[in-house]
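No hydrogens, no waters, no symmetry mates; every other heavy atom, side chains included, goes into these values. Protein chains get the first letters and strands the later ones, always in sequence-line order, with residue 1 at the start of each.
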Protein chains: 2
Amino acid sequence: MKRVTIADIARAAGVSKGAVSYALNGRPGVSEETRRRILAVAEQFGWHPSSAARALSDGRTGVLGMIVDRPARTLGIESFFMQLISGIEATLSARDVSLLMQVTEDREREMATYRRWWAQRRVDGVIIVDLRRDDPRVPLLEELNMPCVVIGGPHGLGTLPGVWSDEVAVTTSVVEYLAALGHRRIARVAGLADLWHTSVRGQAVADSADRVGLTDVTTVYTDYTGEEGARATRALLSRRPSPTAIVYDNDTMAVAGLGVAHEMGIAVPHQLSIVAWDDSPLCQLLHPQLSAVSRDIAAYGAHAADQLLKILDGAEIRGFQDTTPQLVPRGSTAPPAG
Amino acid sequence: MKRVTIADIARAAGVSKGAVSYALNGRPGVSEETRRRILAVAEQFGWHPSSAARALSDGRTGVLGMIVDRPARTLGIESFFMQLISGIEATLSARDVSLLMQVTEDREREMATYRRWWAQRRVDGVIIVDLRRDDPRVPLLEELNMPCVVIGGPHGLGTLPGVWSDEVAVTTSVVEYLAALGHRRIARVAGLADLWHTSVRGQAVADSADRVGLTDVTTVYTDYTGEEGARATRALLSRRPSPTAIVYDNDTMAVAGLGVAHEMGIAVPHQLSIVAWDDSPLCQLLHPQLSAVSRDIAAYGAHAADQLLKILDGAEIRGFQDTTPQLVPRGSTAPPAG
DNA sequence: GAGCTCATATGAAGCGGGTAACCATCGCCG
DNA sequence: CGGCGATGGTTACCCGCTTCATATGAGCTC
């Protein structure tokens, strides 16, 4: 029960290995007649090319890599990643490319893995997530000259291609919406402070607040966990005066925040409005349902994978701007009470 | 800027390729002196073995595969999978083995992928999740003779090795706990009906209910989503008489159930007790905090990866029973009112 | 000092497939 | 009928690494 190789097929079809290779790869050098015969034998034998042999001879592995480097306990972001991955897969599987994943809690290790993957040619390229300010991965990948696409941008990419959406636009729309409802004191429970999108959103909040004349804007940074979201909420709601609206950087924290409001006897949305960033079915399960910033994360992943494949095919890609996320108002936002 | 190969090292160190190979792999055939010199050169050149060449010559790829085949929208299980993956990684990274992932919504495609992966020798083995009744993957993998470990069991494994925990024991303890609190009408909002563990838990609920004299036990099957969890809860609580305790097969549904109870003005735990299966930080964020069945999912994944690596090393593994999950009582369970 | 053993090193084959270079045929043209 | 260009097919080598068979030589023994 050995593997079947092109040599077996060649023998069975009465031709040389070379002819088999040409036939199977659809290139000239064999007659239609012979090609059909060879394909039939290959099919009958259930032949599939050895990925190792192919990789060795043409230098391509048919594998892309992705490393998720966040503490395992920060469960709030899983939904994001699973959706991202399924979007990536959708693109890759059509091209018979696979995704190599690593989940780690160690940024040094992440960098080392890129080095190793590339040195070993274990992957053809990588998808980078969670872009940070002064991200050391950017110079590393530039130095390695390893094909990649960054999910994030357009800032902080160096010379690397990115896939991003217009965070400023949505953020602005959220602030304007809250201001229009009559809110004057708003707070933002942000995620990890050194992620690029965290600071982009922060800047956009500040700018748009300025523009609509809001002066009381507070930001608290967290690690995205529900625990920290709850703690931040408790602190914010204990202030005097307390904010009348809170925007959370993910849905887990928004859920936790809603729980804290209940616990403190603060009515949502009457006394407190809540906006979640990244919509999920969870947001619609609660009472009230959470107003949320919604975007098609799977499509985001699909686009990133797409760009990377194009780069591997030799295209010069500078970056790709995805569709702008939208605020979906639901029951958790309303004008503030008196 | 070519890749550096052992030939380069051989030239630089003034020895043959063979000697370099022996030296780098720590096998006899070279003197300590020469070995050190070769290692120094390799280090200096930043050499890493080409995974393709290695795979081709020794038949091992250093990659394991895992396919997650659930609709992307069933977000309730993400937490489980991310934890599982991070456990798997913990074991694999120590051995410099990588994990190839596929997320699909198509069972046919999953089967086809196992076939392809194995035919292409893209992976050395696979980890199977979501074992079903009469699971067609079991005969397939037996036929392919592809190394694998099933997460699940001990039933329905055929001749495949599995990693499982004692679901009957925990399930029984949950039922007995609820009965001891005084509950007489309990319900279970189960997950996908054709998963093995769903039916194992179902049988265990039935058996233990019998034993403690509970006659009113209802089971509703769902797809694990919060939506269906909410719908099932609404239906159950609309019955007369309605159950005084509900056990949910995952935490997302439990959260949704709690939301429905709030919505219907039913006090938890006073009028309704809730137990979630699989604990998560989310369970502790709510009010009341959810009593939950807790297990170390990452360890579970780590053990599975461990078993598979042992099999690849030639060990005869029959199966591995992990530690038994534990019920963690919190604020959502109490004696039923009046 | 012939004959052995043991340690060390080399050369070459092979893993499976891709591909450049070469070789037959055949038909066709002048 | 000799010579030409297609066409279809073969040979041989390459990719980078492992490993087996073989060679070389130092150190022993008798």
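For the pair A:R115 and A:W117, the NZ or CZ position fails the cation-pi test of under 6.0 Å to the six-membered ring centre and within 45 degrees of the ring normal.
More than 12 heavy atoms of other residues, nucleotides or ligands sit less than 6.0 Å from atom CG of B:D96.
Here the C1' atom of nucleotide C:dG16 and the CZ atom of A:F45 are 16 Å apart, to the nearest Å. A straight line from CZ of A:R27 to C1' of C:dA20 spans 12 Å, rounded to a whole angstrom.
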Test log, rule salt bridge (charged side-chain N to carboxylate O under 4.0 Å, His left out), inputs A:D313 and A:R60
CA-CA 11 Å; A:D313 286 344; A:R60 301 263 300 241; 3.8 Å; yes
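Judged purely by distance below 3.5 Å, without hydrogens or angles, the side chains of A:T159 and A:E142 pair a donor atom with an acceptor atom. Judged purely by distance below 3.5 Å, without hydrogens or angles, the side chains of A:D124 and A:T61 pair a donor atom with an acceptor atom.
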Contact letters for nucleotides 7-17 of chain D, in which S counts primed atoms plus P, OP1 and OP2 and B counts the base, heavy atoms under 4.0 Å:
-SBBB---BBB
